[in-house]
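We name chains A, B, ... by the order of the sequence lines, and we start the count at 1 in each one.
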Number of protein chains: 2
Amino acid sequence: MSEQQQPPRRVTLKDVAKLAGVSHQTVSRAINDKGEIDPETRRRVLDAARELNYRPSRFARGLVSPGATTLGLIVSDVENPFFPELIAGVIEAAEERGWQVLISSTQNRDAREPELIRTLAAQADVVIGYLSAPDATLTAAAEGLPLVVLGRAVDEPAFGAVEVDTDVGVRAAIAHLVSRGHRAIGMIDCADDGTPDRRPAFHAAMAGHGLPVADDAISGGTLTVEGGETAFVRLRAARPDITAVFTFNDLMALGVYRAARRLGVRIPEDCAVIGFDGLPLGELIDPPLTSVYLDKRRMGAIAVTEAARLLSGEPAGRALLPVRLIVRGSA
Amino acid sequence: MSEQQQPPRRVTLKDVAKLAGVSHQTVSRAINDKGEIDPETRRRVLDAARELNYRPSRFARGLVSPGATTLGLIVSDVENPFFPELIAGVIEAAEERGWQVLISSTQNRDAREPELIRTLAAQADVVIGYLSAPDATLTAAAEGLPLVVLGRAVDEPAFGAVEVDTDVGVRAAIAHLVSRGHRAIGMIDCADDGTPDRRPAFHAAMAGHGLPVADDAISGGTLTVEGGETAFVRLRAARPDITAVFTFNDLMALGVYRAARRLGVRIPEDCAVIGFDGLPLGELIDPPLTSVYLDKRRMGAIAVTEAARLLSGEPAGRALLPVRLIVRGSA
DNA sequence: TTGTAGGCGTTATCAC
DNA sequence: GTGATAACGCCTACAA
């Protein structure tokens, strides 16, 4: 009676079978190029399939024989050049294992993390993410989904983690500035909400040299070129005596360049700059950007290894990604 | 008897049910937070699930209630800054429709395209790709999978396409150079194999101004900074008289910058440069790069719209992405 | 509140 | 060569 439903029901093997006048099993044989089938029948079936615009259900197939492992990757901003390298590292490592990679991005809206995790949980076998939400929030969202957290310290023992050796990097940056005679050093930091915190490391490094850090020597902003730009303008207004800045990342350092040009501040003569990330584009600008380099491809590869551990039931690991200072022209 | 199989069979609802001493149905209720279940039973079930490390099968779930549409995206190089913007556009547009995005990259090995398509066919409902393989190859690999091809002309009527208005862009670039008095204009092109071809457009534009194009005025290379670098060195050696170059993309233009610095060639005084793509980093270098801009985010968004058309059974569309010349300091 | 029966679309196994 | 029949793991009825 009610054959004509409103929601266009999916075309199945049986539909094709009916049209071709064979059993659904024969259709399966034809579709999958099994032998043991009359070439003529085969043709008829394939024609019917084409006519109905038949596409096999990946779910049904996956049910019968579990397909490739699918890895979910969550980043916070695909347009921050930091992430493409990380993504490349993950893709390559995943590929070596024959895994698929599902990518999503919060586009800098951290509040969306739990939602993205939940969505990926339905699609992926394991998730790697540059996540800023607190462990408890992530645990609730993950619901048993194996999770590898990138770029920050993690307490939850169930999570894998690849942390960055921020302390060492920041210390090297500050030591370098001090060795060049700087004493009034400012920081362009991320805005106060969330994100891995490089500020304590900055304080510690400065203290190590007996240098004070006044509150107004730190200026925050979004993790973008624009964020760095406005943060530097603000810093400069508050503390014109500062002769060097350490920025949260290279993108913000570029913002400092832009602001500096506008303000007539010369780099490095009037103000030295050190970034963090070591992006390739640091080499392209003038003067080339001195930066704390971290190997993002490697980070991705390590994360995939961690993911594999979790999937095989081994206890979660804590990897530490080393960093190193690359001295170029800006400091 | 043979309960202990070698391949660690998947943990299912029934396993949890057995351990918790309930029916598999009750487990389902507990897992999915349905009402109508004794809190105590619920807890017992959840504990059992945790103990067994149970994770629901996404395939079985998908079978019962078809989940989100999954879009596959194939790019050729995640580290070419062109793609992150495109990816962002696709992700955003897909998200608006509640779709998932699966990403893979050929990493500049074009020969891998068919393989990637086939793999995605098993995971995605529709695929968008920056694909250079000929239509016939793609058709064979796609096997009915809806496909949207980006950045080049397409003949296959079944494919959706978002083409770039290369002709207009190249013509604008050449016209600009001519208006600045250049007559000996060279081109840094992609290597001879595959990839969308801007060479015919270059020839046509030059001819439009009555300018000759000798073979040695075109130098090819890989679509990277390095490729542009070596190509320019070669071009410069063969044709020192050339006063302006048009490059296949901005990345290669950066290579020209690098080579020029090494060779002591000043930009734009000794040689003007115009790129293609209009990447943000063109603004960051010195002199800022004049380039043919195309809106990659928009390209991604349009592609998703095309994908939606294909999925709903409408005939494939052919969108044309407009471009425009952005004049900055390099030409 | 809980359990039983049926079906989602596909493939594998076995008869015919 | 071809067609029933039984899984695969889950969920939505409905019955107990």
What is the distance from [atom1] of [X] to [atom2] of [N], rounded to the nearest Å?
| X | N | atom1 | atom2 | result |
| --- | --- | --- | --- | --- |
| B:L52 | D:dG9 | CG | C1' | 15 Å |
| B:R55 | D:dC8 | CZ | P | 21 Å |
| B:R58 | D:dC11 | CZ | P | 15 Å |
| A:R10 | C:dC8 | CZ | C1' | 11 Å |
| B:F59 | D:dC11 | CZ | P | 15 Å |
| B:R44 | C:dT2 | CZ | C1' | 11 Å |
| B:L63 | C:dC8 | CG | P | 10 Å |

Quiz prompt | Closest to side chain of A:K14, choosing from C:dT10, C:dT2, D:dG3 | solution = C:dT10
Quiz item: Nearest of C:dG9, D:dT2, D:dC10 to any side-chain atom of A:D38?
Solution: D:dT2
Practice problem: Let me know which of A:I31, A:D15, A:V27, A:L19 forms a side chain to side chain contact (heavy atoms under 4.5 Å, CB included) with A:Y54. | Solution: A:I31
Quiz item: In this structure, which one of A:D33, A:T26, A:D47 forms a side chain to side chain donor-acceptor pair (under 3.5 Å) with A:R42?
Solution: A:D33
Quiz item: Distance check: side-chain N/O of A:T41 vs OP1/OP2 of D:dT2, anything under 4.0 Å?
Solution: yes
Exercise. Would you please confirm or rule out a distance under 4.0 Å between OP1 or OP2 of D:dC10 and any side-chain N or O of B:S57?
Key: no
Quiz prompt | Shortest non-hydrogen contact from A:Q100 toward A:A68 | solution = CG-CB, 4.3 Å
Would you be so kind as to tabulate the donor-acceptor pairs closer than 3.5 Å made by side chains of residues 135-142 of chain B, with sequence neighbours excluded?
unit_1: B:D135; atom_1: OD1; unit_2: B:R152; atom_2: NH1; d: 3.2
unit_1: B:D135; atom_1: OD1; unit_2: B:R152; atom_2: NH2; d: 3.4
unit_1: B:D135; atom_1: OD2; unit_2: B:D155; atom_2: N; d: 2.7
unit_1: B:D135; atom_1: OD2; unit_2: B:E156; atom_2: N; d: 2.9
unit_1: B:T139; atom_1: OG1; unit_2: B:D135; atom_2: O; d: 2.8

Practice problem: Assign a letter to each nucleotide of nucleotides 11-16 of chain C from its 5' end: B, base within under 4.0 Å of a protein heavy atom; S, sugar-phosphate only; -, no contact. | Solution: BBB---
Quiz item: Hey, is the main chain of B:A133 close enough, under 3.5 Å, to the side chain of B:E113 for a donor-acceptor pair?
Solution: yes
Practice problem: Give one of base, sugar-phosphate or nothing for B:S23, where a contact means two heavy atoms less than 4.0 Å apart. | Solution: base
Self-check item: A:S105 and A:Q107: side chain donor to acceptor below 3.5 Å
Solution: yes
Self-check item: Distance-only polar pair, side chains of B:Q123 and A:T70, donor-acceptor under 3.5 Å
Solution: yes
